[in-house]
There are 2 protein chains.
Amino acid sequence: MQGRPKGRKSPLQGSSASHSISGEKERLRLFIKKAGLKSTRQRDIIATEFLKTIGHITAEDLYKKVNRKHKEIGFTTVYRTMKLLSKCGLASERVFADNLTRYEPARGEEHHDHLICIGCGEITEFENPKIERLQGEVAKEFGFNTISHKMELYGYCRRCVENA
Amino acid sequence: MQGRPKGRKSPLQGSSASHSISGEKERLRLFIKKAGLKSTRQRDIIATEFLKTIGHITAEDLYKKVNRKHKEIGFTTVYRTMKLLSKCGLASERVFADNLTRYEPARGEEHHDHLICIGCGEITEFENPKIERLQGEVAKEFGFNTISHKMELYGYCRRCVENA
DNA sequence: ATAATTTTGAAAATGAATTTCATTTCCTTG
DNA sequence: CAAGGAAATGAAATTCATTTTCAAAATTAT
């Protein structure tokens, strides 16, 4: 019924920032070679644009960014490249309450959780070792072998609270 | 392209159980009246079937259960009735990693979180006041006004670990 | 260069969720 | 106990993000 998303939702997401990307692009190149895949101009452009991103971005929004400079690159390729980056560990896929799939650059940090502002859409990360430990205790109590977890707080960020 | 879900996923969900339902049905009736809505045979049947449920069920699966005895009741009505039950506080909507919307009877308990078995699909609930408190601290630290939160642990339940 | 394989991009398909609309049912009020 | 106005029903259609298909183009190894 429709080729690809026609744009909707997804308010805020971080923009670009200075960050040493070369190492990550090398990692992608190695992964591609090892998997018998091919390095392409498109993958390079998309990965570069993505790795400049701070925060969380949908494939759709990344496509829009890429498409500004490279009209010939299609949504499908951006979509597939993000899947590829996820597989090789350079991106993390996240789905929050609005049911859109977002990607964030995975920079070998610890696991972290999220505060999601339902006012402006801002997504903030946090880590809390104490909570992690308690989660482990809960799991043990249930004989549960935890593979991954997610924890999200929804509400209003400081700025939205102040401007209310 | 398609009328309604044609069945897929959603492995396990609790079946019926003895539980005093009359109070809840009364609550539904009051809500309906106060909102200027109408009590119908279908709503009664669907609500009754749902409130007998233990655990988490999709609209699709609830439809299948209802439809066994009442061929004339359609999916859309089940879907809309679940939305109604959610609005009046008798059901909680939940979306886990498989992106299906599930409903669980809301029996005025405390907030609780979930362990989701990626082996058999079992969903277990737990409460942990210490974690809740720490969440509050995190929020305070960020000046964040929390409205709701979700926390889910994904992994293998005791039974799946033992049978591995 | 050539061949073999993968990638690309537009369009189509998918699947759950939601809406539409003609008909039926419910709930007053007379 | 009508009758009429409002809401509910159910089948089909629509929506929308996501995923797949397929013919043409690009990449890599030979």
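The shown structure was predicted, so the numbers you read here are calculated from the model rather than taken from an experiment. Residue numbers begin at 1 in each chain, while the letters A, B, ... track the order of the sequences. Hydrogens, waters and symmetry mates are skipped; everything else that's a heavy atom, side chains included, is used.
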Five-pair end axes of the helix from C:dA1-D:dT30 to C:dG30-D:dC1, angle between them (10°) | 20°

Candidate nucleotides D:dA8, C:dA16, D:dG10, ranked by approach to the side chain of B:Leu37 - the nearest | D:dA8

Heavy atom of residues 38-46 of chain B under 4.0 Å from DNA chain D: which residues?
-> B:Lys38, B:Thr40, B:Gln42, B:Arg43

Starting at CG of A:Asn99 and ending at C1' of D:dT15, how long is that distance when rounded to a whole Å?
-> 14 Å

Identify whether any heavy atom of B:Lys71 sits under 4.0 Å from a base atom; if not, whether one sits that close to sugar-phosphate; answer base, sugar-phosphate or nothing.
-> nothing

Length of the CZ-P vector between B:Phe31 and D:dA8, whole Å = 11 Å

Whole angstrom value for the distance that separates P of D:dT9 from CD of B:Glu72 = 11 Å

Does B:Ile73 offer a backbone N or O that forms a donor-acceptor pair with the side chain of B:Thr77 under 3.5 Å?
-> no

Ignoring hydrogens and angles, state whether a donor on the side chain of B:His112 or B:Glu104 is under 3.5 Å from an acceptor on the partner side chain.
-> yes

Between D:dG10 and B:Thr77, is there an OP1 or OP2 to side-chain N/O distance shorter than 4.0 Å?
-> yes

Using whole Å, report how far CE of B:Met82 lies from C1' of D:dA8.
-> 17 Å

By nearest nucleotide on DNA chain D, pick out whichever of B:Gly74 and A:Ala59 is the more 5' one.
-> B:Gly74

Exercise: do B:Glu127 and B:His111 side chains pair donor with acceptor under 3.5 Å = no

Would you call the rings of B:Phe142 and A:Phe126 parallel, tilted or perpendicular if under 30° counts as parallel and over 60° as perpendicular?
-> tilted

B:Lys33 or A:Ile73: which one's nearest nucleotide on DNA chain C is closer to the 5' end?
-> A:Ile73

Side-chain N,O (B:Tyr79) to OP1/OP2 (C:dT18) below 4.0 Å = yes

Nearest 0.5 Å, what's the CZ-CD distance between A:Arg159 and A:Glu122?
-> 5.0 Å

For the residue pair A:His114 and A:Phe96, is the inter-centroid distance of their aromatic rings smaller than 6.0 Å?
-> yes

